[in-house]
Amino acid sequence: MKKQAKIYVLEKNDDYSAIFSGTVEDTSTGYYIEYEEEEGTSCLIGFSKGIASVTRTKDPIYTVILEENCPHAFDIVTPFGKIEAVAHPVTVRSRTKGNTRTITLVYDLMLGKEKFRHELKLKIEIEE
């Protein structure tokens, strides 16, 4: 059953830079978080046994699978064509305390020969 939640995008000092309304759905092995980043652009994050998947549904469109120390090749679809990318996960972590979950995803993103460090930290407060 999906539960309503507030999703906070956290900065390095744990101050939030954005808040979204979304849902959390528990499964037998993990959970899914879904929220709308902007009108028409959904973000779906699945977490199960140390593996996270992140799917974005509007330009740029992608799904990346993150498991520590396991590179993952994927395509980023833009209005100008596909971009081949490889994610090299560094940290893939989820913590639960009461009705609050925290997800930390850190990975190096390779676009051609360019390397970028990407960090996503979310705090999810489930509304009961």
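Residues take their numbers from the sequence shown, with the count starting at 1.
Between Leu122 and Leu10, the shortest heavy-atom distance links the atoms C-CD1, 4.4 Å. Counting all heavy atoms, side chain and backbone alike, Val92 lies closest to Pro89 at CG2-CB, 4.0 Å. The two residues Glu36 and Phe20 make their nearest non-hydrogen contact at O-CD2, 3.2 Å. Taking every heavy atom of both residues into account, Ile7 and Glu34 meet most closely at CD1-O, 4.3 Å. The two atoms that bring Thr57 and Ser42 nearest to each other are OG1-N, 2.9 Å, heavy atoms only.
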Handout entry: salt bridge (charged side-chain N to carboxylate O under 4.0 Å, His left out) between Arg56 and Glu37, intermediate numbers included
Key = CA-CA 9 Å; Arg56 191 168 192 276; Glu37 291 179 330; 2.9 Å; yes

Exercise for the section: Dump the intermediate steps for side-chain contact (heavy atoms from CB on, under 4.5 Å) on Ile33 and Thr23, then the final yes or no. Expected result: CA-CA 6 Å; Ile33 299 163; Thr23 60; over 6 Å; no

Exercise for the section: Take Asp108 and Val90, measure what side-chain contact (heavy atoms from CB on, under 4.5 Å) needs, and give me the verdict at the end. Expected result: CA-CA 7 Å; Asp108 292 328; Val90 176; 4.2 Å; yes

Practice task
Dump the intermediate steps for side-chain contact (heavy atoms from CB on, under 4.5 Å) on Ile124 and Thr102, then the final yes or no.
Solution key: CA-CA 6 Å; Ile124 301 97; Thr102 304; over 6 Å; no

Practice task
Decide side-chain contact (heavy atoms from CB on, under 4.5 Å) for Arg95 and Arg93; before the verdict, give the C-alpha distance in whole Å, the side-chain angles of both, and the deciding distance to 0.1 Å.
Solution key: CA-CA 7 Å; Arg95 297 190 192 226; Arg93 185 178 312 135; 2.8 Å; yes

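A heavy-atom distance below 4.5 Å is not found between the side chains of Tyr62 and Asp75. Leu120 places a side-chain heavy atom less than 4.5 Å from the side chain of Ile45. The shortest distance between side-chain heavy atoms of Val86 and His72 does not fall below 4.5 Å. Contact of the Lys3 side chain with the Glu25 side chain is not registered, since no non-hydrogen atoms from C-beta on lie closer than 4.5 Å.
A cation-pi contact, defined as under 6.0 Å to the ring centre and within 45° of the axis, is absent between Arg117 and Tyr107.
In the hydrophobic clustering of ILVMFWY residues, with side-chain heavy atoms under 4.5 Å counting as a link, Ile103 and Val106 come out apart. Leu44 and Tyr8 are not part of a single hydrophobic cluster, where members link through side-chain heavy atoms under 4.5 Å apart. Under the 4.5 Å side-chain contact rule for hydrophobic residues, Leu66 and Ile83 share a cluster. Under a hydrophobic-cluster definition in which Ile, Leu, Val, Met, Phe, Trp and Tyr are linked whenever side-chain heavy atoms come within less than 4.5 Å, directly or via other members, Val9 and Val54 are assigned to the same cluster. At a threshold of 4.5 Å between side-chain heavy atoms, the hydrophobic network of Ile, Leu, Val, Met, Phe, Trp and Tyr places Tyr16 and Val24 in two separate groups.
Taking CD of Glu127 as the reference point, atom CG of Asn99 lies at 10.0 Å (rounded to 0.5 Å). For the atom pair Lys115 NZ and Met110 CE, the distance stands at 6.5 Å (nearest 0.5 Å). Between the OG1 atom of Thr55 and the CZ atom of Phe74 there is a distance of 10.5 Å, given to the nearest 0.5 Å. Taking CD1 of Ile76 as the start and CG of Leu111 as the end, the distance is 5.0 Å to the nearest 0.5 Å. Atom NZ of Lys121 is separated from atom CG of Leu105 by 11.5 Å, given to the nearest 0.5 angstrom.
Taking a cutoff of 4.0 Å between a charged side-chain nitrogen and a carboxylate oxygen, Lys2 and Asp26 do not qualify as a salt bridge. Note on Asp14 versus Lys123: no salt bridge recorded, every NZ/NE/NH1/NH2 to OD/OE distance being 4.0 Å or above.
For Phe116, the CZ atom sits in a packed shell: over 12 heavy atoms of surrounding residues, nucleotides or ligands are nearer than 6.0 Å.
Between the side chain of Ser48 and the main chain of Thr29, a donor-acceptor pair closer than 3.5 Å is present. Formation of a donor-acceptor pair under 3.5 Å by the Thr27 side chain with backbone atoms of Gly30 is found in this model.
Relative orientation of the Phe47 and Tyr31 rings is parallel, given thresholds of 30° and 60° on the angle between their planes.
For the residue pair Glu11/Ser17, the side-chain donor-acceptor check at 3.5 Å is satisfied. Donor-acceptor pairing under 3.5 Å is lacking for the side chains of Thr91 and Thr104.
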